[in-house]
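Here's the structure we're looking at; comments come further down.
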Amino acid sequence: MEREISGEILNIPEHVAVIMDGNGRWAKKRHLPRNFGHSEGAKAIERACENADELGIKYLTVYAFSTENWKRSVEEVTGIMNIFRKYLVDSIERSNRENMRVRIIGKREGLPEDIIEKMRNLENATAGNTGLQFTVAINYGGRDELTRAVKKIADKYKKNELELDDITEALISKNLDTWELPEPDLLIRTSGELRTSNFLPWQIAYTEFYFTDILWPDFDMENFIAAIRYYNKRERRFGGVR
Ligand code: FPP
């Protein structure tokens, strides 16, 4: 979709995925505890949703907590879980006001019961919303997601519900947590790291990557537009020749 942004015609990606990195460094620079950085990171998420909606992006997917993040200190993990608790509750009213649908992807197993319940409430309360389709990855790992998908498919095979030739790329996509979402057009990673860290490995096969040194809590509309401008310079060929 083309859109005029401050006098500039930009092709807007339909689906943007974000690896929100740098909360810890943002706090450290200010001599504040790491969890302060995560709270600011949560504010940056709300801002990113508003900006994505204003830009005409239809799907925004963010990496909030990986299956590997449990290795952090108990204090930090507890702090992040408390930020999720607050976010999951506060988001219901705000999302409904903004017609935003929220989905949570990742492994539910291993998360505190009350958080699983709050996730379900938020997803159900916003299920009818047709504006920005916002997805949060919590306790998410791409390899874990693929492993769970393989198990689901193997189970159907075992029950004779499908044949070997039914196992196609499309079937695998349909068994991932992201089954309702198109593949990301653009992946943004903040804070200067050049890795994809087990985020949507199957889904980003043809995605354009944009890396920026900006720390996640500082990510604003100007940075968002810079990422889209970069995306506009890329020529997507999907393996073909143009
Ligand atoms: C990366 O920064 C950030 C995380 C692993 C956590 C992201 C979590 C939030 C933004 C909290 C809020 C989320 C929601 C959905 C409300 P880092 O800690 O790895 O930063 P560093 O690399 O500078 O240490």
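Whatever order the structure lists ligands and atoms in, that order sets their numbers, starting from 1.
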Checklist entry - Do T130 and N99 have side-chain N/O donor and acceptor atoms under 3.5 Å apart? => result yes

Checklist entry - N232 and R229: side-chain donor and acceptor closer than 3.5 Å? => result no

Checklist entry - With sequence neighbours left out, what residues match R25 under salt bridge (Lys or Arg N to Asp or Glu O under 4.0 Å)? => result D21, E193

Checklist entry - Would D155 and K151 pass as an ion pair if we require N to O under 4.0 Å? => result no

Table of N or O contacts for ligand 1, cutoff 3.5 Å:
{"from": "ligand 1", "atom 1": "2 (O)", "to": "G22", "atom 2": "N", "distance (Å)": "3.3"}
{"from": "ligand 1", "atom 1": "2 (O)", "to": "N23", "atom 2": "N", "distance (Å)": "3.3"}
{"from": "ligand 1", "atom 1": "18 (O)", "to": "R34", "atom 2": "NH2", "distance (Å)": "2.9"}
{"from": "ligand 1", "atom 1": "18 (O)", "to": "R72", "atom 2": "NH1", "distance (Å)": "2.8"}
{"from": "ligand 1", "atom 1": "19 (O)", "to": "D21", "atom 2": "OD1", "distance (Å)": "3.2"}
{"from": "ligand 1", "atom 1": "19 (O)", "to": "R72", "atom 2": "NH2", "distance (Å)": "2.9"}
{"from": "ligand 1", "atom 1": "20 (O)", "to": "G22", "atom 2": "N", "distance (Å)": "3.3"}
{"from": "ligand 1", "atom 1": "20 (O)", "to": "N23", "atom 2": "N", "distance (Å)": "3.2"}
{"from": "ligand 1", "atom 1": "20 (O)", "to": "G24", "atom 2": "N", "distance (Å)": "3.0"}
{"from": "ligand 1", "atom 1": "22 (O)", "to": "D21", "atom 2": "OD1", "distance (Å)": "3.1"}
{"from": "ligand 1", "atom 1": "22 (O)", "to": "R25", "atom 2": "NE", "distance (Å)": "3.4"}
{"from": "ligand 1", "atom 1": "22 (O)", "to": "R25", "atom 2": "NH2", "distance (Å)": "2.7"}
{"from": "ligand 1", "atom 1": "23 (O)", "to": "G24", "atom 2": "N", "distance (Å)": "3.4"}
{"from": "ligand 1", "atom 1": "23 (O)", "to": "R25", "atom 2": "N", "distance (Å)": "2.7"}
{"from": "ligand 1", "atom 1": "23 (O)", "to": "R25", "atom 2": "NE", "distance (Å)": "2.7"}
{"from": "ligand 1", "atom 1": "24 (O)", "to": "R34", "atom 2": "NH1", "distance (Å)": "3.1"}
{"from": "ligand 1", "atom 1": "24 (O)", "to": "R34", "atom 2": "NH2", "distance (Å)": "2.9"}

Checklist entry - Can you list every salt bridge (Lys or Arg N to Asp or Glu O under 4.0 Å) pair that touches residues 131-140, not counting sequence neighbours? => result none

Next on the checklist: According to side-chain contact (heavy atoms from CB on, under 4.5 Å), who are the partners of R3, at least two apart in sequence or on a separate chain?
Outcome noted: M1, I5, I12

